[in-house]
Amino acid sequence: MLSLNTVRSFSPSFRVSSPLLSGPNLGRLTSLRLHSSSSPAANKSNNKKGNDDDKITKRIEDYSQWYSDVIKHGSLAQSSPTRGSMIIKPWGMSIWQFLQRDLDSRISDQGVENAYFPLLIPKSFLSKEAEHVDGFAKECAVVTHHRLKDVGGELVPDPEAELEEPLIIRPTSETIIWSTFSTWISSHRDLPLKINQWANVMRWELRTRPFLRTSEFLWQEGHTAYADEKGAHDDARTMVGVYNNFVEDMLAMPTIVGVKSPSERFAGAVETYTIEGIMQNGWALQTGTSHYLGQSFGKAFGVTFQGKEGGVKPVYGSSWGVTTRMIGAMIMTHSDDSGLVLPPTIAPKQVVVVPIPAKKNDEEGKEKLEKALEELVKGLEGEGLRVQVDDRDWVRNGAKYFEWERKGVPLRIELGPRDVGNDVCVLKWRTWKPDKESVPLSSVASQVKLQMGEYQSHLLETAKERMASQINLEAGYEEMRDTLSKDEAGQYPGAGLYLVPWKCNAENEKKIKEECKATIRCYPVDVNEMKMFEGKKCFYSGEDADKMALFGRAF
């Protein structure tokens, strides 16, 4: 079982700041009683605030539609001609790239090297690990021919171009990577071997949602091989700690670190560790996972090494990954009925400056404004801030404010001739401070830099407080079932998650899922380390509990 002390010893940067052990839950747990395009034509609609096409559905009315509206009006992604896949637009791709660069550095700090492996995997590879094939068989897209043929004006697979062995478009890369490891590893001197790749994968999903669940998505997947069980298991636990810190630092999003139940483990894993976020509607979202694989893949692909004292031994492995799903988690953690809300760390533009033009005949006013604007931008960029000047003269200022608010830019600065005359500019934060404030031009750059950090902290603390309030600690099974059955559509606000004493039983877990669609999101590390289940009865079976389990609905 994973413990706080264990994780801290493996990953010095790992911080456990779980909402389960903070805020209003601290006392309750201690005495737990278990129950823009730039052309005028493209921006015509921006001058028509209030059209139906511009509307963002309120969260309380239709949470699912709200999520779709935020993505659309935040210019993050759009649907594609390819079933179940999305086109990530430049604004959304910039966010992913900020996440990618930061995480890649953290992965490198763990001694991991980047590589790349083929998109297509021989079908026989997938069959070599029994649990793995069972877990992914229904999601696989298969390539059977290498050429098309024109038959009466219709393109069909050419019968003469059928592949000898079908190829699978990778749903994950364990099989192709472990096959490769068998050629890279021969001695204990080759271990540990730690490889990561940034790639796309395909899982043929029946029901899709942008970022949360698409047939094709972007991710990183790490794969390691060790000489001993401890090394591989420690690696899996270290990486879940890296992920926890990463999403908190970059996305201002708290998560619960935990262990998956046996029925929720990754196909082929001995143990799966997870970080679970809680969205504003009270549903959970698995945001990253790390798996201890034991020797299953090593044995399946004949990966062995010569030990120090002689003899040939099979290796132990781990794998871990996060995906573009993180962007969906960020949307549902911070955004509001006005649109997207971005933490400054990942905002493509942290500041948008909207100049208010001088009157047509005021040449002196124009010159002063231009000079002040140039100095303002230079000062902000000198502080390392990402700045956008929106001086489109075919779009009204009100429409500009509306657009950048929806795209989640943390700060808007307004600067007009009157402001220049008073040697000030006007700041308006996306959230945090409800009112505008005037700030001296002489100190605005340093002040904005400081406040960006405060804004990031505000988003994190707000999310932590909300998460703590969404975890039910004193509910019995009937209460959970009745409450969740009323939350069929996952509307906002939802019922939240349920931390309960539990006797691990796959059959009972299956029954609960059938009765109220709740699953065990994880066995949280912190409360299980404290053995909060001792002396308690399972909330479902009445037997002695052996875990504290976090139940709830999930995306």
Side-chain angles (χ1 to χ4, degrees), residues 11 96-97 99-119 121 126 129 131-132 135-136 139-140 168-178 180-181 193-203 205 211-225 232-247 250-251 253 255 257-260 264-277 285-294 296-297 317-330 522 554-555:
S11 180
W96 174 244
Q97 288 173 328
L99 293 171
Q100 183 180 22
R101 284 192 287 268
D102 184 89
L103 181 56
D104 194 64
S105 176
R106 296 177 194 239
I107 290 172
S108 178
D109 288 345
Q110 298 298 321
V112 183
E113 295 182 292
N114 282 338
Y116 186 79
F117 296 85
L119 171 69
I121 300 172
L126 204 65
E129 212 290 327
E131 289 186 39
H132 197 65
F136 285 102
E139 299 178 345
C140 289
I168 306 296
I169 300 176
R170 61 180 169 220
T172 180
S173 299
E174 271 79 6
T175 58
I176 191 73
I177 288 177
W178 278 92
T180 306
F181 279 3
L193 178 59
K194 305 181 186 182
I195 296 295
N196 176 67
Q197 80 163 343
W198 292 92
N200 61 338
V201 295
M202 177 162 283
R203 298 177 184 175
E205 300 283 358
F211 294 110
L212 299 182
R213 194 174 295 276
T214 50
S215 295
E216 180 188 6
F217 55 88
L218 305 180
W219 76 346
Q220 61 75 210
E221 50 178 319
H223 301 268
T224 74
H233 208 161
D234 286 359
D235 182 87
R237 290 180 285 205
T238 295
M239 287 310 301
V240 78
V242 170
Y243 288 155
N244 179 67
N245 293 341
F246 167 67
V247 298
M250 291 297 289
L251 297 173
M253 189 177 81
T255 58
V257 180
V259 184
K260 285 291 189 182
E264 294 287 332
R265 285 177 189 152
F266 175 74
V270 176
E271 198 80 274
T272 290
Y273 303 100
T274 181
I275 53 172
E276 298 281 329
L285 182 66
Q286 178 181 291
T287 310
T289 51
S290 181
H291 318 286
Y292 167 56
L293 303 175
S296 57
F297 286 93
S318 70
S319 67
W320 27 267
V322 292
T323 78
T324 38
R325 170 178 283 203
M326 290 187 296
I327 297 176
M330 178 272 298
C522 66
F555 289 96

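Keep in mind that what you see is a predicted model, and the values were worked out from it rather than measured. Just the heavy atoms: all of them, side chains too, but no hydrogens, waters or symmetry mates, feed the values below.
- Contact annotation: the side chain of Val247 never approaches that of Met330 to less than 4.5 Å [non-hydrogen atoms, C-beta and beyond].
- For the ring-ring contact (aromatic ring centres under 6.0 Å, His included) test, residues two or more places apart in sequence or in another chain that qualify with Tyr292 are His233.
- Annotation: side-chain hydrogen bond (donor to acceptor under 3.5 Å, both in side chains) contacts of Thr224 (sequence neighbours excluded): Ser318.
- Considering all non-hydrogen atoms of both residues, Thr175 and Leu126 come closest at CG2-CA, 4.0 Å.
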> What's the verdict on side chain to side chain contact (heavy atoms under 4.5 Å, CB included) for Val201 and Thr323, showing C-alpha distance, side-chain angles and the deciding distance?
Replying inline: CA-CA 10 Å; Val201 295; Thr323 78; over 6 Å; no
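- Between the OG1 atom in Thr324 and the CZ atom in Phe217 there is a gap of 7.0 Å [rounded to 0.5 Å].
- Side-chain contact between Phe246 and Met326: present, with at least one pair of heavy atoms (C-beta onward) separated by less than 4.5 Å.
- A donor-acceptor distance shorter than 3.5 angstrom exists from the side chain of Ser296 to the backbone of Gly268, with no hydrogens or angles considered.
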> Under the salt bridge (Lys or Arg N to Asp or Glu O under 4.0 Å) criterion, do Arg265 and Glu271 qualify, and how do the steps go?
Replying inline: CA-CA 7 Å; Arg265 285 177 189 152; Glu271 198 80 274; 3.3 Å; yes
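- With sequence neighbours excluded, the residues that form a salt bridge (Lys or Arg N to Asp or Glu O under 4.0 Å) with Arg213 are Glu205.
- With sequence neighbours left out, the side chain to side chain contact (heavy atoms under 4.5 Å, CB included) criterion links Asn200 to Leu119, Arg170, Glu216, Leu218.
- One N or O on the side chain of Thr180 and one on the backbone of Ile176 form a donor-acceptor pair closer than 3.5 Å.
- Glu174 places no side-chain N or O within donor-acceptor distance of the main-chain N or O of Phe297, the cut-off being under 3.5 Å.
- Taking each heavy atom of Trp219 and Val322 in turn, the nearest pair found is CB-O, 3.1 Å.
- The OG atom of Ser108 lies 7.5 Å from the CG atom of Asn114; values are rounded to the nearest 0.5 Å.
- Partners of Arg106 according to the side-chain hydrogen bond (donor to acceptor under 3.5 Å, both in side chains) rule, which considers only residues two or more places apart in sequence or in another chain, are Asp102, Asp249.
- Val240 is listed as a side-chain neighbour of Val257, based on a closest heavy-atom distance under 4.5 Å.
- Residues Ser319 and Leu293 have side chains in contact (heavy-atom distance under 4.5 Å, counting atoms from C-beta outward).
- Residues satisfying the side-chain hydrogen bond (donor to acceptor under 3.5 Å, both in side chains) test with Ser215, not counting sequence neighbours, are Arg83.
- Contact check for Tyr243 versus Thr274: no side-chain heavy atoms found under the 4.5 Å cut-off.
- Under the side chain to side chain contact (heavy atoms under 4.5 Å, CB included) criterion, Gln100 pairs with Trp96, Gln97, Trp198, sequence neighbours left out.
- Side-chain atoms of Thr289 and Phe266, non-hydrogen and from C-beta on, never get closer than 4.5 Å to each other.
- Inter-residue side-chain proximity for Trp320 and Ile107 is flagged as met; some heavy-atom pair is nearer than 4.5 Å.
- The closest side-chain heavy-atom distance from Arg325 to Thr287 is not below 4.5 Å.
- When the side-chain hydrogen bond (donor to acceptor under 3.5 Å, both in side chains) test is applied to Thr272, the partners found at least two apart in sequence or on another chain are His291.
- Considering only residues two or more places apart in sequence or on other chains, Lys260 meets the salt bridge (Lys or Arg N to Asp or Glu O under 4.0 Å) condition with Glu276.
- The distance from the CZ atom of Phe117 to the CD atom of Glu221 is 8.5 Å, given to the nearest 0.5 Å.
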